[in-house]
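A note on names: the letters A, B, ... follow the listed sequences, proteins ahead of strands, and every chain is numbered from 1.
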Number of protein chains: 2
Amino acid sequence: MTTPDFPETASGAEGPGREIPPASLARLPIYLRALNAMLADSVERVSSEELAEAAGVKSAMLRKDLSYLGSFGTRGVGYDVQFVSHKISALLGLTQEWRVAIVGAGNLGRALARYSGFTTRGFEVVALFDADQGIVGTQVGWLTVSHVDDLETELKRTGTNMAVLSVPAVVAQELCDRLVAAGVTSILSFAPVVLQVPAHVQVRKVDMGTELQILAYHAQRAQEAEPGSRARSAQ
Amino acid sequence: MTTPDFPETASGAEGPGREIPPASLARLPIYLRALNAMLADSVERVSSEELAEAAGVKSAMLRKDLSYLGSFGTRGVGYDVQFVSHKISALLGLTQEWRVAIVGAGNLGRALARYSGFTTRGFEVVALFDADQGIVGTQVGWLTVSHVDDLETELKRTGTNMAVLSVPAVVAQELCDRLVAAGVTSILSFAPVVLQVPAHVQVRKVDMGTELQILAYHAQRAQEAEPGSRARSAQ
DNA sequence: TCATGTGAACGTGTTCACAGCT
DNA sequence: AGCTGTGAACACGTTCACATGA
């Protein structure tokens, strides 16, 4: 398996290549999933229309998104599934292993540690931390829970380069600071707080509370608009 | 394909509710959290500058966001914390109880069922389903896991009006269809698939795999830009 | 002929800067 | 004065429509 370097960096004399617009970037993993599902079904070619359908987007948007990584479709034919899949994987950096530490081994942290969706996509959970002595030392999947006091040591030992924060909101900023100080520059946070980090650190947030509240807004609106539902008119 | 003869201003803008732009709507829960934290600290007034800081946004954006729900700040002074908090809560429909069913009682589903972040914000988990006979009947928090065969019956009995999907990708669409058929119109999905639903059903997706892949993109980029990619972790 | 790739149009989101109110 | 609320400018994202090239 040869890892092709990027021959098409010719446009820029130096510099890290073109930036992918954030909105497009966020869709690439979805395309990748659809493509890999097709690969599993031995589909070799796909049109923008078909792939867009599978990804739940308009075909023009898909074509524009893919055009940011180069133009490797064949006019009149479509895209080579395997090639595009590989291209997206390479762009996302999935050709290397990412070593992920999970900080916080509560219900959520333990569930994440056992979540197969991580491992199967180039992410390996290599450490799991908690502050609770009743949890430290216990086994979760293949991992033994470490004490958060050993955070810095263990991160170095395991070569962690990404972290998942699944700790209570009150301690999230503090642990985030420690992760950053230890050199972690990519953090996925499940804590319902706004984390302050230096500019070079990437934080992505997953917030189930927020998502439910957004759903509640729409649900309430639908309720009010519905003719069938009686006496629900708050006011 | 679809002819864009959508009648704009279809819904008479007369009602108490204009549409909140999606981007603004997604930030309201964050403001709400910041406001509630302030309330807990007995803060009575806040300026757009301060609240924006707490929410991690620019003050002009915060003011514009709040302006969609009305204008209830005092010029020269700021906003009444309690009042704005209540206003946002009401808009999001958090003044009523939302009854949530969790479909899929694997690692993630069970963690979500025990997650206190739900209960504390107007969302009550009232049902938990799984297809695995080894899990059905077991206790998770205050709930007993029901068999997914009884989905429709239990949804009706519990008065569920929101659902969380935490099932394997392969069965997600099928269960989504059953939820929709049973009248559920708000679904939060953790399954890494694009769900097809009728237009009146709201789906929000949480995808940890996608988030990690986006992080990987940035991390790889930083790696390439940096000459010494060895994480020596110098304090 | 076909489906991609893309300039241009359109729509949405964010920021600026200041008018207007307290 | 001080801070909100908002039009206008700007930036970003999406869609259209067609030129391009297999």
Side-chain angles (χ1 to χ4, degrees), chain A residues 8 11 18-28 30-31 34-35 38 43-81 83-85 87-88 91 194 214, chain B residues 1-10 13 18-31 34-35 38 43-81 83-85 87-88 91 194 214:
Chain A
E8 67 275 36
S11 51
R18 319 158 294 261
E19 273 291 322
I20 307 287
S24 290
L25 175 60
R27 284 185 294 265
L28 294 182
I30 299 167
Y31 303 152
L35 288 164
M38 288 170 183
V43 177
E44 291 181 3
R45 291 208 184 130
V46 68
S47 68
S48 64
E49 201 65 59
E50 293 165 328
L51 184 50
E53 160 93 34
V57 302
K58 292 259 158 97
S59 64
M61 190 157 86
L62 178 125
R63 291 200 300 275
K64 184 145 281 193
D65 285 343
L66 291 187
S67 77
Y68 291 119
L69 3 175
S71 54
F72 33 75
T74 308
R75 287 168 199 243
V77 178
Y79 299 92
D80 181 286
V81 175
F83 186 75
V84 177
S85 165
K87 211 72 177 161
I88 294 178
L91 184 102
V194 177
I214 295 169
Chain B
M1 290 286 285
T2 50
T3 44
D5 53 333
F6 199 86
E8 39 224 28
T9 62
R18 311 167 297 240
E19 270 295 318
I20 309 287
S24 289
L25 175 60
R27 285 186 293 266
L28 294 182
I30 300 167
Y31 303 152
L35 288 163
M38 288 170 182
V43 177
E44 291 181 3
R45 291 208 184 130
V46 69
S47 68
S48 64
E49 201 65 60
E50 293 165 328
L51 184 50
E53 159 94 35
V57 301
K58 292 258 159 95
S59 64
M61 191 157 84
L62 179 126
R63 291 200 300 277
K64 184 144 282 192
D65 285 342
L66 291 187
S67 79
Y68 292 119
L69 4 174
S71 53
F72 33 75
T74 309
R75 287 165 201 245
V77 179
Y79 299 92
D80 182 285
V81 175
F83 186 74
V84 177
S85 165
K87 212 71 176 164
I88 295 178
L91 183 101
V194 177
I214 295 169

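Counting all heavy atoms, side chain and backbone alike, B/Glu50 lies closest to B/Ser47 at OE1-N, 2.9 Å. Contact detail for A/Ser59 and A/Glu49: the closest heavy-atom pair is OG-OE1, 3.4 Å. Counting all heavy atoms, side chain and backbone alike, A/Tyr79 lies closest to A/Arg63 at OH-CG, 3.7 Å. Across every non-hydrogen atom of A/Lys64 and A/Ser67, the tightest pair is O-OG, 2.6 Å.
Taking for each of A/Gly76 and A/Met61 the nucleotide of DNA chain D with the nearest heavy atom, the 5'-most of the two is the partner of A/Met61. Comparing A/Ser71 and A/Lys64 by the nucleotide of DNA chain C whose heavy atom lies nearest to each, the residue mapping closer to the 5' end is A/Ser71.
Atom CG of A/Leu69 and atom C1' of C/dT4 are 14 Å apart (whole Å). Note: CD (B/Glu49) to P (D/dG5) measures 14 Å, nearest angstrom. Nucleotide D/dT4 holds its P atom 6 Å from the CZ atom of B/Arg63, rounded to whole Å. Rounded to whole angstrom, the span from the CG atom of B/Leu62 across to the C1' atom of C/dG13 amounts to 15 Å. Between A/Glu19 atom CD and D/dG13 atom P there is a gap of 11 Å when expressed in whole angstrom units. Spacing between atom CG of A/Leu25 and atom P of D/dC12 amounts to 15 Å, rounded to whole angstrom units. Counting to the nearest Å, the C1' atom of D/dG13 and the CG atom of A/Leu28 are 15 Å from each other. Atom NZ of B/Lys58 is separated from atom C1' of C/dC16 by 10 Å (rounded to the nearest Å).
In this structure, A/Arg27 reaches the D/dT14 phosphate: one of its side-chain N or O atoms is under 4.0 Å from OP1 or OP2. Residue A/Tyr79 places at least one side-chain N or O closer than 4.0 Å to OP1 or OP2 of C/dG5.
Among C/dT14, D/dG13, C/dT4, the nucleotide with an atom closest to any side-chain atom of A/Ser48 is C/dT4. Considering only the side chain of A/Ala60, D/dA17 comes nearest among D/dA17, C/dG13, C/dA17.
A/Arg75 contributes a side-chain N or O that forms a donor-acceptor pair with the base of D/dT20 under 3.5 Å.
A 4.5 Å side-chain heavy-atom check between B/Leu28 and B/Leu25 finds at least one atom pair inside the cut-off.
B/Phe72 comes within 4.0 angstrom of sugar-phosphate atoms only, judged by non-hydrogen atoms across all strands, and of no base.
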